[in-house]
S.K.: 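First the structure, which I've put down as structure tokens, then a few questions once you've had a look.
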Amino acid sequence: MIPLSNINYKSNTYYSNSYMMSHFPKYWFFLTIGSRGRGKTYSGKKYIIKWFLEQLEKGATHETLRKFMWWRLTDGAVEKMLENNGQTFFEKDLLDKYEIVVKVSNSDIFFARRDDYTEDEEERIYNYYHVGKVGSIQSYYKNKGNQYSEYDVIIMDELVRAESEKRTFNIPRAFINSIENVCRKRKGIRVMIYANAIGEMQEVKDLFGFMPFPGQFGVYKLYHKRAIIEYLDDSDAWKQEAKQTMAGVLQSSSEFTNVHQSGFEEREDYFIERKKTKGKKYFASIKVQRGLFLDIHSFNGYYYIDTTNYTTLAM
């Protein structure tokens with residue numbers, strides 16, 4: 001069901017995180033899937049700039065200002081983002097609109113208001129505030145033991161790995177450990193996650209125990225996980241442009257649509273109700289990781305994996 005209050009289903013021109021953020025602090029994790037061409041990442045940058053200015057208006061100082069984390073999957077993605085001292089990290093029109101100056105030092109992000117400076121003979125010296133850090137969840141182990149109690153917003157940009165990317169680390173495990181490094185025992189940290197529907201999106205399923213079926217756009221509230229999944233179609237303009245690219249005219253894969261692949265479609269033949277599997281025989285168990293096993297049973301010549309939610313029959 002699509003809530004009528006969610007303007008993202010009424011407009012096809014831009015993405016707004018207003019609806020999702022209206023559910024904080026009841027929900028903590030806000031996952032937006034798809035909506036390419038409508039500015040998901042842009043909306044995240046806009047959010048943290050407005051948050052910074054609102055804090056200053058309420059009297060925040062250098063010592064009391066709350067900060068944000070901006071995460072990417074890999075170290076390489078972070079290095080690319082921070083090229084040329086991060087000059088292209090924030091769009092110029094966004095900085096002009098809110099009259100903000102940005103400075104990047106290593107992984108630290110600094111904001112200053114354009115009218116807040118002193119001037120000497122050679123240059124303007126802005127009153128910069130340390131507002132956040134950039135990092136990759138791939139290197140979560142480097143941040144263990146550090147204190148991040150002043151960080152109240154986390155933005156995870158591009159959670160889902162592209163099909164061509166090497167599986168060099170376990171994304172869900174790295175994400176959970178990164179959350180642990182920042183939050184510890186604190187609750188109610190706002191975590192905004194952006195992802196495009198690429199491949200099978202197993203990372204989403206592993207983290208939240210749920211994944212929308214391909215093309216079933218809508219808002220899914222998972223209160224037991226304190227998470228909201230907003231599954232949006234891509235903008236018409238983006239899809240039309242993608243079709244006309246040199247790659248787009250050759251194929252229509254999940255790289256060019258927002259209908260991700262379903263692992264069920266290729267790997268299993270069909271589903272049957274659990275009550276119809278009486279007489280099953282235990283065959284073997286597969287260890288997935290420590291403490292997690294898949295039990296395999298046989299039934300009428302078929303072998304299948306029995307889970308808590310459904311029973312899958314496969315040859």
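What you see below is based on every heavy atom in this structure, not just the backbone, and it leaves out hydrogens, waters and symmetry mates. Source: prediction; values computed, not measured.
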S.K.: Could you pull out all residues at least two apart from Lys58 that satisfy salt bridge (charged side-chain N to carboxylate O under 4.0 Å, His left out)?
M.R.: none
S.K.: Enumerate the salt bridge (Lys or Arg N to Asp or Glu O under 4.0 Å) contacts for residues 15-28, please, sequence neighbours excluded, ordered by first and then second residue.
M.R.: none
S.K.: Is any side-chain heavy atom of Leu31 closer than 4.5 Å to one of Met20?
M.R.: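 No, every pair of side-chain atoms sits at 4.5 Å or beyond.
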S.K.: Would you please name every residue forming a side-chain hydrogen bond (donor to acceptor under 3.5 Å, both in side chains) with Asn143, sequence neighbours left out?
M.R.: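 side-chain hydrogen bond (donor to acceptor under 3.5 Å, both in side chains) list for Asn143, sorted by chain: Tyr148.
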S.K.: Check the surroundings of atom CD in Glu180: do more than 12 heavy atoms from other residues, nucleotides or ligands lie under 6.0 Å from it?
M.R.: yes
S.K.: Could you tell me whether the side chain of Tyr220 reaches within less than 4.5 Å of the side chain of Ile228, counting heavy atoms only?
M.R.: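 No, side chains not in contact.
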S.K.: Is the side chain of Ser43 donor-acceptor paired with the backbone N or O of Lys40 at a distance under 3.5 Å, no angle test?
M.R.: yes
S.K.: Assess whether side chain to side chain donor-acceptor pair (under 3.5 Å) is satisfied between Arg186 and Tyr151, documenting all intermediate values.
M.R.: CA-CA 10 Å; Arg186 295 190 300 143; Tyr151 290 81; over 6 Å; no
S.K.: The criterion is side-chain hydrogen bond (donor to acceptor under 3.5 Å, both in side chains); which residues satisfy it with Ser16, sequence neighbours excluded?
M.R.: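 Partners of Ser16 by the side-chain hydrogen bond (donor to acceptor under 3.5 Å, both in side chains) criterion, ordered by chain and then number, come out as Ser18.
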S.K.: Distance only, no hydrogens: is a donor on one side chain within 3.5 Å (strictly under) of an acceptor on the other, for Tyr15 and Glu230?
M.R.: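 There is such a pair (donor and acceptor under 3.5 Å, judged by atom type) between the side chains of Tyr15 and Glu230.
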S.K.: Is Ile33 close to Phe217 at the side-chain level, that is, under 4.5 Å between some pair of heavy atoms?
M.R.: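 Contact flag for Phe217/Ile33 side chains = no.
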S.K.: Kindly assign one of parallel, tilted or perpendicular to the pair Phe89 and Trp70, based on the angle between their ring planes and the thresholds 30° and 60°.
M.R.: perpendicular
S.K.: Flag the pair Tyr27 / Lys221 as yes when at least one side-chain heavy-atom distance between them is below 4.5 Å, and no otherwise.
M.R.: yes
S.K.: Are any of the side-chain nitrogens in Glu99 or Arg113 under 4.0 Å away from the carboxylate oxygens of its partner?
M.R.: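 Looking at Arg113 together with Glu99, the answer is no, because their closest N to O distance does not fall below 4.0 Å.
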S.K.: Report the residues that fulfil side-chain hydrogen bond (donor to acceptor under 3.5 Å, both in side chains) with Arg66, sequence neighbours left out, ordered by chain and then residue number.
M.R.: Asp152
S.K.: Run the numbers on Tyr98 and Leu53 for side-chain contact (heavy atoms from CB on, under 4.5 Å), then give the verdict.
M.R.: CA-CA 9 Å; Tyr98 293 100; Leu53 293 174; 4.0 Å; yes
S.K.: Kindly say whether Gly132 contributes a backbone atom to a donor-acceptor pair with the side chain of His130 at under 3.5 angstrom?
M.R.: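 Yes; at least one donor-acceptor contact below 3.5 Å.
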S.K.: Run the salt bridge (charged side-chain N to carboxylate O under 4.0 Å, His left out) test against Lys46 and tell me which residues pass, sequence neighbours left out.
M.R.: none
S.K.: Would you check if there is a donor-acceptor pair between the side chains of Thr41 and Tyr194 at a distance under 3.5 Å?
M.R.: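 No.
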S.K.: When you measure from the centre of the six-membered ring of Tyr128, is the NZ or CZ of Lys103 under 6.0 Å away and within 45° of the axis?
M.R.: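 That pair qualifies as a cation-pi contact.
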S.K.: Give the ring-plane orientation class for Phe111 versus Phe52, where under 30° counts as parallel, over 60° as perpendicular and anything between as tilted.
M.R.: perpendicular
S.K.: Treating Arg173 as the side-chain partner and Asn170 as the backbone partner, does any N or O pair qualify as donor plus acceptor under 3.5 Å?
M.R.: no
S.K.: Taking 4.0 angstrom as the limit, do Asp96 and Lys92 come out as a salt bridge?
M.R.: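 Looking at Asp96 and Lys92, the cut-off is met.
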S.K.: Can you see whether Asp93 engages Tyr42 through a side-chain donor-acceptor pair at a distance of less than 3.5 angstrom?
M.R.: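 Yes, because at least one side-chain N or O of Asp93 sits under 3.5 Å from a partner of the opposite role on Tyr42.
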S.K.: For Trp51 and Val153, run side-chain contact (heavy atoms from CB on, under 4.5 Å): C-alpha distance rounded to whole Å, both residues' side-chain angles, the deciding distance at 0.1 Å, then the answer.
M.R.: CA-CA 10 Å; Trp51 185 48; Val153 172; 3.7 Å; yes
S.K.: Will you find, in the side chains of His297 and Lys281, an N or O donor that is under 3.5 Å from an N or O acceptor?
M.R.: no
S.K.: Thr74 versus Glu79: any side-chain heavy-atom pair under 4.5 Å?
M.R.: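 Not in contact.
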